[in-house]
Amino acid sequence: QLQLVESGGGLVQPGGSLKLACTASESIPHYYNIGWFRQAPGKEREGISCLSSRGEHARYADSVKGRFDISRDNTKNTVYLQMNSLKPEDTAVYYCAADWAPSAPVCVITRPYEEWGQGTQVTVSP
């Protein structure tokens, strides 16, 4: 069973940056779409970005478009989420998740993902 571990969360000031990492226990390129999600206290989980298994297609929610960037290091089985220009409303627990999608040309954030990491806290505060 695929296992995912997130890292890189922490406390940052508004306008700052953080880079989250999602490391998989097995090979993900060409097999899994990877998505990033977040959940703030009292709010529903929000899908914010995904990367297709081919690595050719990325998608972003409007709330993070232009500020966040998703990428992948195939040699490390790790997907990154670079978060810039952070705002207090970005405060949440961030999760990565995997969707079995061999050779998928595209990804979506709305469909169910099968495997989830444990989450990492991101707090944006002065």
About how many Å separate [atom2] of [Y] and [atom1] of [X], when rounded to the nearest 0.5 Å?
X	Y	atom1	atom2	result
Tyr32	Leu51	OH	CG	15.0 Å
Gln118	Tyr95	CD	OH	9.0 Å
Asp99	Ile109	CG	CD1	12.0 Å

* **Path from Ile48 to Tyr80 over hydrophobic side-chain contacts below 4.5 Å** => no
Non-hydrogen side-chain atoms of [X] and [Y] separated by less than 4.5 Å:
X	Y	answer
Ser103	Arg54	yes
Cys50	Tyr60	no
Gln121	Thr91	yes

* To do: Report yes or no: is the cationic atom of Arg45 (NZ for Lys, CZ for Arg) closer than 6.0 Å to the six-membered ring centre of Phe37, at no more than 45° off its axis?
  =>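 Flagged: Arg45 positioned over aromatic ring of Phe37.
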Checking [X] side chain against [Y] main chain: does a donor-acceptor pair fall under 3.5 Å?
X	Y	answer
Glu46	Arg38	no
Ser53	Asn33	no
Asp73	Thr75	yes
Ser49	Ile70	no

* Minimum heavy-atom distance Asn74-Pro29, with the two atoms named -> OD1-CG, 3.2 Å
* Considering non-hydrogen atoms only, spot the tightest contact between Leu2 and Glu115 and give its length. =>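 Distance-wise, the nearest heavy atoms are O-OE1, 3.7 Å.
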* Residues two or more places apart in sequence or in another chain: which of them pass side chain to side chain contact (heavy atoms under 4.5 Å, CB included) with His30? -> none
* Can you list the residues that meet the side chain to side chain contact (heavy atoms under 4.5 Å, CB included) rule with Glu89, with sequence neighbours excluded? ->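 Partners of Glu89 by the side chain to side chain contact (heavy atoms under 4.5 Å, CB included) criterion, ordered by chain and then number, come out as Lys87.
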Under 3.5 Å donor-acceptor pairs involving side-chain atoms of residues 7-25, not counting sequence neighbours:
| residue | atom | partner | partner atom | Å |
| --- | --- | --- | --- | --- |
| Ser17 | OG | Asn84 | OD1 | 2.9 |
| Thr23 | OG1 | Thr78 | OG1 | 3.1 |
| Ser25 | OG | Gln3 | N | 2.8 |

* Asked: Checking ring-ring contact (aromatic ring centres under 6.0 Å, His included) for the pair Tyr94/Trp36: CA distance, chi angles, key distance, verdict?
  -> CA-CA 7 Å; Tyr94 284 70; Trp36 282 99; 7.3 Å; no
* To do: Evaluate whether atom OH of Tyr31 has more than 12 neighbouring non-hydrogen atoms of other residues, nucleotides or ligands under 6.0 angstrom away.
  => no
* Take Arg72 and Ile34 through the side chain to side chain contact (heavy atoms under 4.5 Å, CB included) test and state the conclusion after the steps. => CA-CA 10 Å; Arg72 187 174 73 192; Ile34 300 295; 5.9 Å; no
